[in-house]
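Contents: one structure, followed by commentary.
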2 protein chains.
Amino acid sequence: MAKQRQRLTDRKSKVTVSDVARLAEVSDSTVSRIMRGQGLVAEATREKVMATVRALGYVPNRIAGSLASLDSRLVGVVIPSLSNIVFPEILQGINAGLAGTNRQSVISVTDYDLDKEEVVVRNLLAWQPAAVLIAGSTHTEATQRMLENSGVRVVEFMEIDHKPIDAAVGFSHVSAGKAAVRHLLGRGYRRFGYVGYGGDKDLRALMRYRGMRYALAEAGLSFEAEVVSEGQTTVAKGRAQTAEICARAPDLDVLTFSNDDMAVGGLFHCMSAGIRVPDDLALFGFNGLDIGRALPQPLSTIRANRFEIGQRAVEACLSSEVRPDQPISIDTGFEIFEGATA
Amino acid sequence: MAKQRQRLTDRKSKVTVSDVARLAEVSDSTVSRIMRGQGLVAEATREKVMATVRALGYVPNRIAGSLASLDSRLVGVVIPSLSNIVFPEILQGINAGLAGTNRQSVISVTDYDLDKEEVVVRNLLAWQPAAVLIAGSTHTEATQRMLENSGVRVVEFMEIDHKPIDAAVGFSHVSAGKAAVRHLLGRGYRRFGYVGYGGDKDLRALMRYRGMRYALAEAGLSFEAEVVSEGQTTVAKGRAQTAEICARAPDLDVLTFSNDDMAVGGLFHCMSAGIRVPDDLALFGFNGLDIGRALPQPLSTIRANRFEIGQRAVEACLSSEVRPDQPISIDTGFEIFEGATA
DNA sequence: AGGTGCAATGATAGCGTTGCCATTACAAGC
DNA sequence: GCTTGTAATGGCAACGCTATCATTGCACCT
């Protein structure tokens with residue numbers, strides 16, 4: 001005699017396929033087929049079932065569905081921050097790429113912390129995603145191993161300076177740093193200062209910085225002053241740090257910033273302090289943000305197409321279920337925007 | 001004789017609890033207990049099992065776990081946009097509130113489109129979230145019904161101008177609009193212009209606008225000119241639209257903007273056009289963004305604590321599994337930031 | 001010796017769906 | 001009439017885990 005277990009049932013009197021099937025006088029299979037829009041179903045049956053679906057307010061349980069079909073339709077996205085406008089822009093590209101597919105993104109934020117990234121990746125993989133899109137190519141050993149062993153497609157976006165696990169989409173930050181400095185050297189600047197943030201947390205900012213130093217060294221130069229802060233990038237920080245570097249090293253030609261937010265802050269300082277830009281001091285940002293273009297004096301900067309990075313990252317992982325034989329890198333490039341501040 | 005079905009097995013040679021259990025010579029239950037950190041387990045057993053977990057690279061399948069325990073540990077978050085900095089800030093508050101709990105957020109974006117919101121909510125509910133946090137209180141009828149019938153906790157954040165389904169966290173945008181205008185009237189401004197975006201999409205901007213009109217009408221006044229655009233808020237748009245309104249109505253005292261982005265653009269236009277702020281023309285924004293404070297001339301605006309909104313929204317829905325008898329509204333308030341542009 | 005209580009572990013039935021057949025109904029062809 | 005083919009539907013195990021008992025082993029009492 002079967003013992004009747006009670007379990008957590010009664011919980012929320014959820015409506016299930018079986019409820020719908022019973023009321024519509026069809027089998028579970030038929031309801032399932034209709035809800036998924038797959039397989040052959042007579043029009044009359046479909047209407048009858050849909051009517052009861054509406055009547056009962058049935059919402060399919062994707063958790064059960066994913067378990068049964070062994071496909072979660074999820075794409076995990078791992079980014080370091082949401083407050084840096086750059087990442088929301090990439091997310092828009094990702095969502096655009098995902099639109100029309102039946103895939104859905106799940107976003108996790110690491111706060112530029114590789115240990116947090118490890119936790120976040122573990123949690124993500126537990127949801128059996130079809131693919132993982134992750135910012136950057138520097139991870140803890142454990143993260144690296146998890147991603148490799150997971151078997152799912154992994155696209156590392158933002159940078160292509162390292163060899164990817166599976167695929168990478170972005171551009172070379174080292175090259176971008178070099179390009180910025182070479183451009184400024186070409187315009188005659190010689191006395192460089194650097195204003196940055198993120199310390200050793202924002203690894204891409206660090207790579208650009210390295211590229212800049214490399215290009216300076218080529219010309220027998222180096223940064224004559226640097227002011228770097230921790231934490232997130234803000235206009236206010238850029239302003240304060242620019243004030244500081246100006247006080248510390250008054251004879252600089254040009255300041256390069258870790259990004260546009262900071263550079264805009266720098267410009268605001270100059271406006272307030274009566275420093276003429278670019279005659280007294282030139283400013284050069286990075287990212288090509290909207291705000292830089294709208295300034296009274298458009299900001300000189302390097303522009304990268306972030307929306308495209310997101311979109312192509314999605315394409316890269318949706319193109320095939322299996323990883324390529326050789327890791328692939330997709331270069332989305334960058335361009336110098338001359339502006340009026342350098 | 002049992003027929004041996006093949007099914008999609010072999011798929012990814014996934015490691016399961018049973019695999020771990022067999023190798024560690026314990027039962028599935030014990031492995032499960034250890035992975036969840038619940039129930040009594042001898043230290044020696046734990047170590048033995050964890051060793052095999054590491055050896056096999058076992059990652060628990062949360063899909064199966066959620067189905068079995070009838071608890072997904074997911075909190076759905078629905079926001080209109082990621083490019084409007086305001087929402088990432090709220091997300092940070094939400095993540096902060098979720099930290100330490102075992103809950104995890106899942107973010108969906110609606111692009112200020114109520115029909116898209118409906119789709120997004122349906123997809124979210126299919127994942128059986130423990131709660132749904134959704135921006136705003138205006139939804140399609142179907143969305144409203146789904147949320148009501150889902151039985152899960154629902155927190156509508158950003159505004160408290162409407163009666164919520166379950167709970168609301170935010171402030172009154174109508175009051176904020178009124179407060180802005182009354183403040184400006186108090187400072188002697190009489191000839192008002194409005195520069196906005198979002199048309200009838202951004203419903204909260206619209207409510208603030210209504211509040212402004214109401215307060216103007218109280219004083220026997222109205223907007224003498226308005227320039228409104230579609231789409232998302234940008235500094236560039238603010239600049240262009242300010243130029244337009246200045247050309248169209250040169251005698252205005254003060255411009256109120258739908259938000260700070262637009263107002264910053266307005267200030268940039270004034271700088272370029274040689275319009276003295278606030279003597280020739282005063283500017284008043286909304287949101288209290290970081291950039292407004294860092295300007296050479298701090299932007300006059302209204303500040304709301306968005307991080308707190310996110311955090312308290314989480315608190316509200318985690319405090320209890322069941323809805324309160326009466327819908328509750330939590331007012332996080334706002335404050336006028338005097339600044340130097342009005 | 002025989003109970004008692006508790007720590008530790010095991011066995012198993014679901015959780016709500018879907019994949020994979022099997023089955024039915026009915027029209028067309030011989 | 002009897003296959004044969006195809007559209008439509010049904011039955012049921014399996015997905016990987018956890019909730020809920022049941023059981024075992026052992027120290028400690030009386």
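Quick note: numbers below take in every heavy atom, side chains included, and nothing from hydrogens, waters or symmetry partners.
The closest side-chain donor-acceptor pair between A/Ser105 and A/Asn95 falls under 3.5 angstrom. Side-chain atoms of A/Ser27 and A/Thr30 include a donor-acceptor pair closer than 3.5 Å. Between the side chains of B/Ser83 and B/Gln232, at least one donor-acceptor pair of N or O atoms lies under 3.5 Å.
Residue B/Thr45 is classed as a sugar-phosphate contact, given heavy-atom separations below 4.0 Å to backbone atoms only. If you check every strand for non-hydrogen atoms under 4.0 Å, B/Ser29 touches a base.
Here A/Arg36 reaches the OP1 or OP2 of C/dT18: one of its side-chain N or O atoms lies under 4.0 Å away. Phosphate proximity of C/dT17 to A/Ser32: absent, as no side-chain N or O sits under 4.0 Å from OP1 or OP2. In this model, the phosphate group of D/dG16 is not approached by any side-chain N or O of B/Tyr58 to a distance below 4.0 Å at OP1 or OP2. Listed pair B/Thr16 / D/dG16 fails the phosphate criterion, with no side-chain N or O lying under 4.0 Å from OP1 or OP2.
Per the geometry, CG belonging to B/Asp71 stands 16 Å off C1' belonging to C/dG16, to the nearest Å. Whole-Å rounding puts the B/Leu125 CG to C/dG16 C1' distance at 16 Å. The distance from atom CD1 of A/Ile34 to atom P of D/dA7 is 17 Å, rounded to the nearest whole Å.
Listed nucleotides D/dG10, D/dC17, C/dG10 differ in distance to B/Thr30; the shortest reach to its side chain belongs to C/dG10. The listed nucleotides are D/dA8, C/dA7, C/dG16; the one nearest the side chain of A/Leu40 is D/dA8. Residue B/Arg33 places its side chain closer to C/dT9 than to any other of C/dT9, D/dT9, C/dC15.
Positionally, the nearest nucleotide of DNA chain D for B/Ala64 lies more toward the 5' end than for the other of B/Ala64 and B/Gln38.
Between the side chain of A/Ser69 and the base of C/dG19, no donor-acceptor pair of N or O atoms lies under 3.5 Å.
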